[in-house]
Amino acid sequence: MAAPREQLRARGAVPVTVIGLDIGGSKTRGVRFEDGKPVRDESTGSSNVQNVSRETAARNLAELFAMIGGGDVDRVLAGAGGIDTDADARALAELIEPHVPGAQVTVVHDSRLLLAAGGASTGVAVIAGTGSAAWGKNAQGEEARAGGWGFLLGDEGSGYWLGREAVRHSLRRMNKGLDPDGLTAALLESCGVDDPNKLIALFHSEDTDRRYWAQRASAVIETAREGLEISRQLLDQAGRDLAELAAQAVRQLGLPGPVILGGGLGMNVEPLQSAFRTGLAAHGITDVRVLDQEPVFGVLRILSELP
């Protein structure tokens with residue numbers, strides 16, 4: 001009689017299939033690993049129930065699993081922002097489980113993916129994307145978090161924060177009777193409006209969400225690249241705010257580092273990276289790394305460390 005499939009897997013006779021999910025505020029990325037190798041890599045819209053409705057999240061997950069395949073899967077590990085309680089993790093797992101019947105589904109905060117993708121088992125990971133957060137773990141297994149409160153309470157240094165600050169800068173100039181500067185002009189063009197006053201209604205409109213304003217961070221980045229001082233100041237402040245989040249977690253854990261910076265902004269905006277390093281150096285933290293691969297590729301390391 002043939003051995004059960006689970007026993008064959010344990011002996012290494014059958015390739016183990018793992019699906020890793022990185023669920024951000026703007027998109028969901030899924031990678032299917034078979035016997036430790038990525039074989040499918042696809043993305044859809046966000047399935048983070050902190051950012052979209054449960055119906056939208058379910059629809060985007062269904063679309064993703066249709067592309068990467070569900071069915072006979074051993075493990076699923078999903079990293080998502082806003083996973084603050086067991087109830088948060090359970091709610092997301094319930095959306096994933098119908099696509100992978102029989103698989104063990106684990107949900108963690110997405111910053112854990114970042115640390116693992118940076119090749120570290122201990123240290124502090126900082127996400128600078130649509131939102132922002134820091135998470136870390138020391139050798140004793142103690143964990144610490146800073147930020148990650150969402151856009152209404154925090155998200156300092158994030159794409160949303162930069163987009164919002166660009167709007168505030170433009171409105172302050174308008175109130176002072178000043179002509180639009182380069183940042184305001186770039187922001188207006190990005191938003192498709194012709195007057196700073198129209199930004200107020202647009203910002204509060206149901207047609208714009210956190211992701212929309214995070215995408216407006218490109219106006220800050222582009223004008224900073226052109227040398228506009230206010231835009232350079234905003235990127236500098238973003239980097240320093242992110243450094244403060246990291247320093248809080250480092251202090252709580254009693255670690256020397258490393259601190260690993262990731263997320264769309266963190267991995268791609270050099271002035272922000274520079275300010276981040278400078279801010280951490282002021283706290284005596286010098287082991288600072290910028291992630292060089294997408295966080296979802298940290299999934300296998302996390303699973304190898306789980307009991």
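Here CD of Glu143 is found 11.5 Å from CD of Gln252. Values are rounded to the nearest 0.5 Å. With rounding to the nearest 0.5 angstrom, the CG atom of Asn48 is 7.5 Å from the CG atom of Leu92. Note that the OG atom of Ser170 and the CG atom of Asn197 stand 12.0 Å from one another [nearest 0.5 Å]. Within the model, atoms CG of Leu235 and CG of Leu162 stand 6.0 Å from one another, a figure rounded to the nearest 0.5 Å. Rounding to the nearest 0.5 Å places CG of Asp179 at 10.0 Å from OG1 of Thr184. If you take CZ on Arg112 and CZ on Arg145, they are separated by 11.5 Å, rounding to the nearest 0.5 Å.
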Checklist entry - Going through the checks in order, is the side-chain contact (heavy atoms from CB on, under 4.5 Å) test met by Val18 and Val16? => result CA-CA 7 Å; Val18 170; Val16 173; 4.1 Å; yes

Checklist entry - Checking salt bridge (charged side-chain N to carboxylate O under 4.0 Å, His left out) for the pair Glu94/Arg54: CA distance, chi angles, key distance, verdict? => result CA-CA 11 Å; Glu94 288 173 355; Arg54 191 172 178 84; 3.7 Å; yes

Item to check | Worked verdict on Ile23 versus Asp110 for side-chain contact (heavy atoms from CB on, under 4.5 Å) | outcome: CA-CA 7 Å; Ile23 302 174; Asp110 55 357; over 6 Å; no

Item to check | Verdict with supporting geometry, Ser53 and Thr56, side-chain hydrogen bond (donor to acceptor under 3.5 Å, both in side chains) | outcome: CA-CA 5 Å; Ser53 69; Thr56 298; 3.0 Å; yes

Checklist entry - Going through the checks in order, is the side-chain contact (heavy atoms from CB on, under 4.5 Å) test met by Phe276 and Val290? => result CA-CA 10 Å; Phe276 183 72; Val290 175; over 6 Å; no

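Under a 3.5 Å cut-off, the side chain of His109 and the backbone N or O of Ser111 do form a donor-acceptor pair. In terms of modelled atom types and a separation under 3.5 Å, the side chain of Thr223 and the main chain of Gly182 share no donor-acceptor contact. Formation of a donor-acceptor pair under 3.5 Å by the Asn138 side chain with backbone atoms of Leu253 is found in this model. Between the Arg40 side chain and the Ile68 main chain, a donor and an acceptor come within less than 3.5 Å of each other. A donor-acceptor pair under 3.5 Å links the side-chain atoms of Asp88 to the main chain of Thr85, judged by distance alone. Side chain of Asp74 to main chain of Thr17: a donor-acceptor pair is present (N/O by atom type, distance under 3.5 Å, no hydrogens or angles). Side-chain atoms of Gln293 come within 3.5 Å of backbone atoms of Ala117 as a donor-acceptor pair (strictly under, hydrogens ignored).
Donor-acceptor pairing under 3.5 Å is recorded for the side chains of Ser121 and Glu305. Side chains of Ser132 and Ser158: no donor on one and acceptor on the other come within 3.5 Å.
Taking all atoms of both residues into account, the shortest heavy-atom contact from Gly131 to Arg210 is CA-NH1, 3.9 Å. Summarising the geometry of Ala246 relative to Val126, their closest heavy-atom pair is CB-CG2, 3.5 Å, with the distance given to 0.1 Å. The two residues Arg277 and Val288 come nearest to each other via the heavy atoms NH1-O, 2.9 Å. Annotation for Gly239 and Ala275: closest pair CA-CB, 3.9 Å, computed over non-hydrogen atoms. Nearest heavy-atom pair across Gly24 and Ser46 is O-OG, 2.8 Å. Shortest non-hydrogen contact noted between Gln248 and Ala146 is OE1-CB, 3.7 Å.
Within the 4.5 Å cutoff, the side chain of Pro196 has no heavy atoms near those of the Arg173 side chain. The side-chain heavy atoms of Arg164 and Asp155, taken from C-beta on, include no pair separated by under 4.5 Å. Side-chain contact between Ile302 and Leu113 is present, with heavy atoms from C-beta onward closer than 4.5 Å. Contact annotation: the side chain of Phe65 approaches that of Ile19 to within less than 4.5 Å [non-hydrogen atoms, C-beta and beyond]. Lys27 is not listed as a side-chain neighbour of Thr44, based on a closest heavy-atom distance of 4.5 Å or more. With contacts defined as side-chain heavy-atom distances shorter than 4.5 Å, the pair Leu234/Trp161 qualifies. Side-chain contact between Leu64 and Ser47: absent, with no pair of heavy atoms (C-beta onward) separated by less than 4.5 Å. The shortest distance between side-chain heavy atoms of Glu165 and Gln237 does not fall below 4.5 Å.
The pair Arg29-Glu294 meets the salt-bridge criterion, since a charged nitrogen lies less than 4.0 angstrom from a carboxylate oxygen. Between Glu34 and Arg32, at least one side-chain nitrogen of the basic residue sits less than 4.0 Å from a carboxylate oxygen of the acidic one, meeting the salt-bridge criterion. Using a cut-off of 4.0 Å between Lys/Arg side-chain N and Asp/Glu carboxylate O, Asp236 and Arg232 are scored as not salt-bridged. A salt bridge between Asp287 and Arg289 is present, with a side-chain N of the basic residue lying under 4.0 Å from a carboxylate O of the acidic one. A salt bridge does not link Arg59 to Glu63: none of the charged side-chain nitrogens sits closer than 4.0 Å to a carboxylate oxygen.
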Side-chain donor-acceptor distances from residues 255-274 under 3.5 Å, at least two apart:
| unit_1 | atom_1 | unit_2 | atom_2 | d |
| --- | --- | --- | --- | --- |
| Asn268 | ND2 | Gly264 | O | 2.8 |
| Gln273 | NE2 | Gly266 | O | 2.9 |
| Gln273 | NE2 | Met267 | O | 3.3 |

Considering only distance and modelled atom types, tabulate donor-acceptor pairs under 3.5 Å from the side chains of residues 95-104, sequence neighbours left out.
| unit_1 | atom_1 | unit_2 | atom_2 | d |
| --- | --- | --- | --- | --- |
| Glu97 | OE1 | Arg90 | NH2 | 2.7 |
| Glu97 | OE2 | Arg90 | NH2 | 2.7 |

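Under a cut-off of 6.0 angstrom, the local environment of CG in Asp195 is crowded, with over 12 non-hydrogen atoms contributed by other residues, nucleotides or ligands.
Cluster note: Val167 groups with Phe151, Leu152, Tyr160, Leu171, Met174, Leu187, Leu188, Val193, Leu199, Ile200, Leu202, Phe203, Tyr212, Trp213 through ILVMFWY side-chain heavy atoms spaced under 4.5 Å, whether in direct contact or through intervening members.
Hydrophobic clustering (ILVMFWY, side-chain heavy atoms < 4.5 Å, transitive): Leu61 and Val73 are in one cluster. Linking ILVMFWY residues whenever their side-chain heavy atoms come closer than 4.5 Å, directly or via other members, places Leu21 and Met67 in the same cluster. A continuous path of hydrophobic side-chain contacts links Ile127 to Trp135 [ILVMFWY only; heavy atoms under 4.5 Å].
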